[in-house]
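Take a look at the structure set out below.
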Amino acid sequence: MKDFEYYEKKPESSIRSLSDLERYEIFNLESAEKYDSASNIDFIIDEEGCLKFLVVGVSSNKLSFFGGSREFVEIPWECVTKIGANVIVISAEEGKIKRAKA
């Protein structure tokens, strides 16, 4: 179960719940892009309960708050390289990330 490797290696006191991870900032090392931490992170989980994707908003200009479309990205869980105290670090090339407007 590669998807939960991080949690299995840590002592019980440092295990985080998915609701805690929803508020973390996400930073992509490949593109130096920071994803929107103001909105919650959504998780896509398969039938076996393994994390497959993170779905997050992309930071944009302040005017999009008043209307217009928002952009979201779907990041494969395998691209997560580190989960820190307040940040999730990923290393994903542009071709691995799916983008959509809502």
Side-chain angles (χ1 to χ4, degrees):
M1 281 186 133
K2 179 183 184 273
D3 296 338
F4 293 103
E5 224 172 77
Y6 174 80
Y7 298 102
E8 292 171 0
K9 292 180 181 176
K10 299 296 179 182
E12 190 173 327
S13 62
S14 66
I15 294 176
R16 298 175 183 103
S17 66
L18 289 179
S19 61
D20 290 339
L21 295 178
E22 286 178 341
R23 294 181 295 278
Y24 282 29
E25 293 181 4
I26 298 178
F27 185 76
N28 188 351
L29 293 175
E30 293 291 325
S31 64
E33 186 172 23
K34 179 182 169 193
Y35 300 109
D36 193 0
S37 60
S39 62
N40 286 340
I41 301 168
D42 288 322
F43 300 93
I44 297 177
I45 301 171
D46 69 8
E47 300 81 31
E48 289 99 34
C50 296
L51 291 167
K52 290 300 189 185
F53 297 97
L54 301 171
V55 179
V56 295
V58 175
S59 297
S60 58
N61 63 28
K62 307 285 189 252
L63 297 176
S64 66
F65 176 75
F66 297 107
S69 60
R70 287 190 39 108
E71 187 177 12
F72 293 89
V73 294
E74 184 179 87
I75 304 162
W77 183 254
E78 65 211 25
C79 294
V80 173
T81 59
K82 182 162 180 88
I83 299 175
N86 294 346
V87 69
I88 298 172
V89 178
I90 66 168
S91 182
E93 297 172 0
E94 191 61 36
K96 289 188 174 187
I97 297 175
K98 295 180 186 175
R99 294 183 179 267
K101 294 200 183 244

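Only heavy atoms go into these numbers, but all of them, side chains included; no hydrogens, no water, no symmetry mates. Just so it is clear, the structure is predicted and the values come from calculations on it, not from any experiment.
- For the atom pair Ile26 CD1 and Glu33 CD, the distance stands at 11.0 Å (nearest 0.5 Å).
- Here Glu93 contributes atom CD and Asn28 contributes atom CG; the two are 9.5 Å apart, rounded to the nearest 0.5 Å.
- Atom-to-atom distance recorded for Ile90:CD1 and Ser31:OG is 7.0 Å, nearest 0.5 angstrom.
- A donor-acceptor pair is defined here as one N or O able to donate and one able to accept, closer than 3.5 Å; no such pair exists between the side chain of Ser91 and the backbone of Leu29.
- When hydrophobic clusters are built by joining Ile, Leu, Val, Met, Phe, Trp and Tyr residues whose side-chain heavy atoms come closer than 4.5 Å, directly or via intermediates, Phe27 is not grouped with Val80.
- In this structure, Ile83 is a member of the same hydrophobic cluster as Ile45, with clusters built from ILVMFWY side-chain heavy atoms closer than 4.5 Å.
- Contact annotation: the side chain of Glu30 never approaches that of Glu94 to less than 4.5 Å [non-hydrogen atoms, C-beta and beyond].
- Side-chain contact check for Phe72 versus Asp42: every heavy-atom pair is 4.5 Å or farther apart.
- To the nearest 0.5 Å, atoms CD1 (Ile97) and OH (Tyr35) are separated by 3.5 Å.
- Taking CZ from Phe53 and CD1 from Ile41, the interatomic distance works out to 15.5 Å, rounded to the nearest 0.5 Å.
- Leu54 places a side-chain heavy atom less than 4.5 Å from the side chain of Phe43.
- Looking only at side-chain heavy atoms (C-beta outward), Trp77 and Lys52 stay at 4.5 Å or farther from each other.
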